[in-house]
Enquirer: 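Can you keep this structure in mind? I'll have questions shortly.
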Amino acid sequence: MTLRTRFAPSPTGYLHIGGVRTALFNWLLTRRLGGQFILRIDDTDAERNRAEALQPILDGFKWLGIDWDEGPEVGGSHGPYFQSQRKHLYTEAAHKLLDSGHAYPCYCPKEELDARRKEAEATRQNYVHRCAHRHTPAVDAWRLFTEKPAAVRLKVPDGRTVGMDDEIRGHVEWQTDLIGDPVIVRADGGALYNFATVVDDVSLRITHVIRAAEHLSNTQVQVLIYEALGQPLPVFAHVPVVNAPNSKEKLSKRKMQQFMTPEVIAQLRACHIFGPEMTDEQIKKQENINPATVAFYRALGYLPAALVNYLGRLGWSLDDKEEIIPRNRMIANFSLDRVNNAPASFDPAKLLWLAGEYMRMLPLEERVAGVIPFLHKAGLLGETLDEATRAKVRAVVEACGDRLKLFSDVLLYGGFFFTKGPQYDPQAVKKRLQKQGVPEALREFNKVLADVQPFESAALEEALRVFCEGRGVKGGDMIHALRVATTGVTIGPGVFECLAILGRAETLRRIEMALRQV
RNA sequence: GCCCCCAUCGUCUAGUGGCCUAGGACAUAGCCCUCUCACGGCUAAGACAGGGGUUCGAGUCCCCUUGGGGGUACCA
């Protein structure tokens with residue numbers, strides 16, 4: 001028997017980071033041990049489940065390189081893979097349980113149930129629902145069920161325990177006397193989550209149910225359903241939830257809003273992800289692209305490998321020293337017994353560090369290829385990319401070096417190479433250009449630049465050194481002034497490399513522009 | 001209320017009774033490198049939630065307390 005795992009997202013229009021982490025653990029174990037990883041779409045809530053809401057989820061997984069063996073787009077022999085198309089299975093299973101006496105129809109009016117629950121609450125009692133007629137013989141129950149709409153309840157056995165051996169938590173068990181008979185099918189015929197999940201997992205032949213720890217309490221009912229259905233239990237593993245940074249609460253859009261800092265919003269804007277008509281506040285409240293979604297990291301040009309590494313290390317570790325664990329190494333070493341029990345907090349700073357590490361490992365040509373779409377979206381490259389432009393992009397990427405952690409960082413450290421002139425930062429101008437003697441020296445050095453041969457980094461540096469010595473100016477002052485004059489800002493690649501990339505004519509022109517600023 | 005789960009530096013973690021005066025990584029601070037920014041190097045600060053047991057010996061096993069989380073729905 002081969003391993004079969006699944007991840008069952010609801011089509012919400014975005015792929016949540018916490019969900020990905022759970023899916024990743026399923027995927028890693030499946031790839032490690034061999035078997036099928038199945039994507040099942042939990043679209044019973046027709047209200048908010050539109051077809052187009054599924055695509056971002058599939059795209060997210062594809063971008064991360066998490067592939068599925070059965071599910072949407074790839075099909076499979078156990079389909080359909082949409083819960084909305086599997087309703088007959090739930091009905092069938094419910095009938096089976098009614099026939100076998102493991103379930104019974106419930107006609108209790110909602111008001112009565114509410115009243116009883118409220119009463120129990122008032123007297124600080126624990127309310128365990130059991131319908132009075134729960135032991136009515138099956139045939140009679142069946143008759144009642146077909147006569148008028150009724151919900152179906154599972155008949156929870158009296159006076160025993162129900163439990164399972166969790167791969168991560170160990171043995172967990174509950175007293176059945178504390179579990180009210182749960183509704184498994186609504187009066188309108190819709191199956192409830194706990195029931196549909198089990199029916200699906202059985203029919204999809206799922207062998208390992210790896211899911212977030214928040215589902216642990218649901219397992220008591222689910223185990224009873226497996227029993228009632230006469231099915232063997234799968235292996236359960238409840239992985240710790242992912243919390244928001246500096247918080248004991250689950251990762252959520254709202255909790256992540258604090259990471260939509262002005263800098264991040266500016267970077268998103270630079271990528272032209274959002275139109276200029278959107279205010280910062282509107283961007284902050286965005287559903288689809290926020291720090292709790294995969295799309296956010298993709299939009300900013302994080303390497304998917306870095307995100308996979310980060311999420312894989314969240315709640316799982318290889319040993320006491322390895323942090324950079326590429327996908328293949330993770331697959332080769334993943335096991336549930338090295339998954340932690342405690343919830344883990346998502347740390348954007350560590351993810352950013354990893355992104356930088358992965359970017360550094362990426363060959364130059366791939367960095368160039370990755371950066372181009374970002375320059376393009378920002379409107380800094382023309383429609384067609386000729387060889388000269390490509391060479392320039394390559395030179396810029398090389399000059400950016402380790403500064404480039406995300407692809408969108410190219411806009412931060414090298415955007416000015418592709419504009420008609422620098423956007424002068426007033427503070428930078430004030431600090432570096434409007435300094436005693438600097439504009440004059442710069443004007444004079446501009447004449448030197450006109451003749452430097454060749455117009456390359458080393459020769460330029462040497463020319464400046466000679467100029468400074470001869471004229472008695474500080475090298476640092478000139479270097480800073482040159483940077484601001486040609487790039488407009490105080491950060492970026494080495495200034496001589498910048499000048500070389502800009503070329504002689506553009507350098508001279510920009511220095512002239514700068515001198516008009518002071 | 002009741003049930004279940006969880007608990008090592010700010011964060012991710014190593015630790016499965018002696019190797020722990022608790023190791024690594026991110027973040028933080030200082031110094032070095034340096035034309036800025038980043039990278040890199042060195043250093044510093046920083047944790048076993050509390051209390052009881054068990055044991056020659058406890059971060060590690062047991063119990064209690066505290067704190068967090070989840071469930072207790074004709075939500076998923």
Side-chain angles (χ1 to χ4, degrees), chain A residues 8-10 42 44-45 106 108 110 113-114 117 120-129 149-153 166 168-170 172-175 177-180 182-194 196-197 212-221 238 240-241 243 245-250 310 313-324 337-338 340-354 356 360 400-405 409 412-413 428 432 461 464 474-484 487 489-496 498:
Chain A
S10 290
D42 199 344
T44 48
D45 191 351
C106 166
C108 302
K110 190 171 177 358
L113 290 171
D114 287 345
R117 198 173 295 121
E121 209 170 287
T123 56
R124 319 202 108 195
Q125 296 286 301
N126 184 31
Y127 177 61
V128 177
H129 180 80
V152 179
R153 282 188 192 271
D166 192 283
I168 294 168
R169 321 266 139 193
V172 183
E173 62 178 31
W174 301 266
Q175 299 289 325
D177 288 343
L178 267 16
I179 308 170
V183 171
I184 55 176
V185 178
R186 277 188 254 121
D188 68 7
L192 259 60
Y193 169 76
N194 275 330
T197 296
E214 62 202 74
H215 287 290
L216 187 59
S217 298
N218 287 323
T219 310
Q220 52 186 319
V221 169
H238 287 90
V241 297
N243 283 338
N246 311 318
S247 157
K248 297 275 166 76
E249 286 173 65
K250 225 171 76 175
Y310 179 73
R313 263 292 277 110
L314 202 57
W316 174 84
S317 65
L318 211 180
D319 53 29
D320 62 344
K321 47 182 84 71
E322 283 186 64
E323 295 290 340
I324 299 167
D337 56 20
R338 290 204 63 85
N340 218 11
N341 309 40
S345 290
F346 183 80
D347 181 3
K350 188 156 184 178
L351 171 57
L352 184 62
W353 167 74
L354 262 176
R360 272 206 278 176
C400 285
D402 291 342
R403 274 162 279 251
L404 207 69
K405 292 182 175 177
D409 284 339
L412 198 62
Y413 295 116
R432 299 302 192 187
E461 188 164 2
L464 184 80
K474 275 200 230 159
D477 284 352
M478 284 302 287
I479 284 169
H480 291 135
L482 274 171
R483 173 187 306 286
V484 173
T487 73
V489 291
T490 56
I491 61 162
V495 72
F496 302 107
C498 286

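Convention: sequence-line order gives letters A, B, ...; per-chain numbering from 1.
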Enquirer: With both distances under 3.5 Å as the test, what is the Watson-Crick or G-U wobble partner of B/U55?
Expert: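 With both distances under 3.5 Å required, B/U55 matches none.
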Enquirer: Please report the shortest heavy-atom distance between A/Ala151 and A/Val183, naming the atom on each side.
Expert: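 Closest pair (atom of A/Ala151, atom of A/Val183, distance): CB-CG1, 4.0 Å.
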Enquirer: When rounded to the nearest 0.5 angstrom, what is the spacing between CG in A/Leu352 and CG in A/Asp347?
Expert: 10.0 Å
Enquirer: Ignoring backbone atoms, establish whether A/Asn341 has a side-chain N or O less than 4.0 Å from OP1 or OP2 of B/C6.
Expert: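 It does, given that an N or O in the side chain of A/Asn341 lies less than 4.0 Å from OP1 or OP2 of B/C6.
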Enquirer: Taking B/U54 as the reference, what is the distance to B/G15 when you measure between their P atoms (whole Å, please)?
Expert: 28 Å
Enquirer: Looking only at the side chain of A/Val172 (C-beta and beyond, no hydrogens), which of the listed nucleotides B/C37, B/C75, B/C5 gets closest?
Expert: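 Nearest to the side-chain atoms of A/Val172, counting from C-beta on, is B/C5.
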Enquirer: Below 4.5 Å, heavy atoms only, C-beta onward: do A/Asn126 and A/Leu178 meet side chain to side chain?
Expert: yes
Enquirer: Would you please test A/Thr490 and A/His480 for side chain to side chain contact (heavy atoms under 4.5 Å, CB included) and show each step?
Expert: CA-CA 7 Å; A/Thr490 56; A/His480 291 135; over 6 Å; no
Enquirer: Within less than 4.0 Å of OP1 or OP2 of B/C39, is there a side-chain N or O belonging to A/Lys405?
Expert: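 Yes.
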Enquirer: Going by side-chain hydrogen bond (donor to acceptor under 3.5 Å, both in side chains), name the residues that satisfy it together with A/Asp319, two or more places apart in sequence or in a different chain.
Expert: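 So A/Asp319 forms no side-chain hydrogen bond (donor to acceptor under 3.5 Å, both in side chains) with any residue.
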Enquirer: May I have the distance from A/Arg117 (atom CZ) to B/C74 (atom P), rounded to whole angstrom?
Expert: 5 Å
Enquirer: May I ask you to say what A/Gln175 touches in the nucleic acid, namely base, sugar-phosphate or nothing, with a heavy-atom cut-off under 4.0 Å?
Expert: nothing
Enquirer: Using the P atom as the reference point in each nucleotide, state the distance between B/A29 and B/C19 in Å, no decimals.
Expert: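 Pairwise P distance, B/A29 against B/C19, rounds to 35 Å.
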Enquirer: Can you list everything that forms a side-chain contact (heavy atoms from CB on, under 4.5 Å) with A/Arg313? Sequence neighbours excluded, please.
Expert: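 A/Arg313 satisfies side-chain contact (heavy atoms from CB on, under 4.5 Å) with A/Asn309, A/Ser317, A/Glu323, A/Ile325, A/Lys350 only.
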Enquirer: Between the protein and nucleotides 34-36 of chain B, list every N/O to N/O distance that falls short of 3.5 Å.
Expert:
residue	atom	partner	partner atom	Å
B/C35	O2'	A/His480	NE2	2.6
B/C35	O2	A/Arg483	NH2	2.9
B/C35	N3	A/Val495	N	3.3
B/U36	O2'	A/Thr490	O	2.8
B/U36	O2	A/Thr490	O	3.0
B/U36	O2	A/Gly492	N	3.1
B/U36	O2	A/Gly492	O	3.4
B/U36	N3	A/Arg483	NH2	3.1
B/U36	N3	A/Gly492	O	2.6
B/U36	O4	A/Gly492	O	3.4

Enquirer: If I pick the C1' atom on B/A73 and the same atom on B/G24, what distance separates them, to the nearest angstrom?
Expert: 46 Å
Enquirer: Taking the same atom, P, in B/C3 and in B/C9, what whole-Å distance lies between them?
Expert: 29 Å
Enquirer: A/Lys250 NZ to B/G71 C1': how many Å, rounded?
Expert: 13 Å
Enquirer: Quick one: which of B/C6, B/C74, B/A25 gets closest to the side chain of A/Trp353?
Expert: B/A25
Enquirer: If you take all heavy atoms of A/Ala191 and A/Ala196, which pair is closest and at what distance?
Expert: CB-CB, 4.2 Å
Enquirer: Considering only atom C1', compute the distance from B/A14 to B/A47 and round it to an integer number of Å.
Expert: 13 Å
Enquirer: Separation of A/Lys321 atom NZ from B/A25 atom P, in whole Å?
Expert: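 In whole Å, B/A25 P and A/Lys321 NZ are 11 Å from each other.
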Enquirer: Using a heavy-atom cut-off of under 4.0 Å over every strand shown, decide if A/Ala349 touches base, sugar-phosphate, or nothing.
Expert: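 Sugar-phosphate only.
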Enquirer: Could you check which nucleotide pairs with B/G67 in any of the strands shown, counting Watson-Crick or G-U wobble with both distances under 3.5 Å?
Expert: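 Pair assignment: B/G67 / B/C6.
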Enquirer: Measure from OH on A/Tyr193 to P on B/C74 and round the result to the nearest Å.
Expert: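 It works out to 16 Å between those atoms.
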Enquirer: My understanding is that a pair needs two contacts under 3.5 Å, Watson-Crick or G-U wobble. By that rule, which nucleotide pairs with B/G40?
Expert: B/C32
Enquirer: Give, for atom CD1 of A/Ile491 and atom CG of A/Leu412, the distance between the pair rounded to the nearest 0.5 Å.
Expert: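 Those atoms lie 4.5 Å apart.
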Enquirer: Evaluate the criterion side chain to side chain contact (heavy atoms under 4.5 Å, CB included) for residue pair A/Thr219 and A/Asp166; output intermediate values, then yes/no.
Expert: CA-CA 10 Å; A/Thr219 310; A/Asp166 192 283; over 6 Å; no
Enquirer: Shortest non-hydrogen contact from A/Ala342 to A/Pro240?
Expert: O-CB, 3.1 Å
Enquirer: Roughly, in whole Å, what's the span from CG in A/Asn126 to C1' in B/C3?
Expert: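 Spelled out: CG on A/Asn126 to C1' on B/C3 is 7 Å.
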Enquirer: Check the phosphate of B/G40 against A/Arg360, side-chain N and O only, distance under 4.0 Å to OP1 or OP2. Yes or no?
Expert: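 Yes, such a contact exists.
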Enquirer: Can you check the A/Leu178 CG to B/G1 C1' distance for me, whole Å?
Expert: 12 Å
Enquirer: Protein within reach of the bases, or only the backbone? For nucleotides 45-51 of chain B, mark each nucleotide 5' to 3' as B, S or -, using heavy atoms under 4.0 Å.
Expert: -------
Enquirer: Using atom P of each nucleotide, how far apart are B/A58 and B/G18 to the nearest Å?
Expert: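 The same atom, P, in both gives a distance of 12 Å.
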Enquirer: Assess whether one donor atom and one acceptor atom, taken from the side chain of A/Asn218 and the base of B/A76, lie less than 3.5 Å apart.
Expert: yes
Enquirer: Write down the partner of B/U60 under the Watson-Crick or G-U wobble criteria, each distance required to be under 3.5 Å.
Expert: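 B/U60 is unpaired by these criteria.
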Enquirer: With C1' as the reference atom in both, quote the distance from B/C63 to B/U55 in angstrom, rounded to an integer.
Expert: 16 Å
Enquirer: Whole angstrom is fine here: how far is it from OH in A/Tyr413 over to P in B/C37?
Expert: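 In whole Å, B/C37 P and A/Tyr413 OH are 11 Å from each other.
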Enquirer: To the closest 0.5 Å, what do you measure between CD1 (A/Ile184) and SG (A/Cys106)?
Expert: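 Here the rounded value is 11.5 Å.
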Enquirer: Taking B/U36 as the reference, what is the distance to B/U28 when you measure between their C1' atoms (whole Å, please)?
Expert: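 B/U28 and B/U36 have their C1' atoms separated by 22 Å.
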Enquirer: Figure out the CD1/C1' separation between A/Ile168 and B/U16, and round it to whole Å.
Expert: 16 Å
Enquirer: Take A/Arg169 and A/Asn341 through the side chain to side chain contact (heavy atoms under 4.5 Å, CB included) test and state the conclusion after the steps.
Expert: CA-CA 7 Å; A/Arg169 321 266 139 193; A/Asn341 309 40; 4.2 Å; yes
Enquirer: Give a yes or no on whether the backbone of A/Tyr127 and the side-chain of A/Arg117 come within a donor-acceptor separation of less than 3.5 Å.
Expert: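 Answer holds: no.
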Enquirer: Which nucleotide, in any strand shown, forms a Watson-Crick or G-U wobble pair with B/A25, with both distances under 3.5 Å?
Expert: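 B/U11 - that is the nucleotide pairing with B/A25, both distances being under 3.5 Å.
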Enquirer: Which pairs, protein N/O on one side and nucleotides 12-14 of chain B N/O on the other, fall under 3.5 Å?
Expert:
residue	atom	partner	partner atom	Å
B/C12	OP1	A/Ser345	N	2.8
B/C12	O2'	A/Arg313	O	3.3
B/C12	O2	A/Lys350	NZ	3.4
B/U13	OP1	A/Gly315	N	2.3
B/U13	O3'	A/Ser317	OG	3.2
B/A14	OP1	A/Ser317	OG	2.9

Enquirer: Counting any heavy atom closer than 4.0 Å, what does A/Cys108 reach on the DNA or RNA strands: base, sugar-phosphate only, or nothing?
Expert: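 Answer is base: heavy atoms of A/Cys108 come under 4.0 Å of a base.
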Enquirer: Grab the N/O contacts between the protein and nucleotides 58-62 of chain B below 3.5 Å, and write none if there aren't any.
Expert:
none

Enquirer: Working to the nearest 0.5 angstrom, can you tell me the gap between A/His215 NE2 and A/Asn194 CG?
Expert: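 It comes to 9.0 Å.
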Enquirer: Determine whether A/Asp409 and A/Arg403 make a side-chain contact, defined as any pair of heavy atoms from C-beta on separated by less than 4.5 Å.
Expert: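 No, side chains not in contact.
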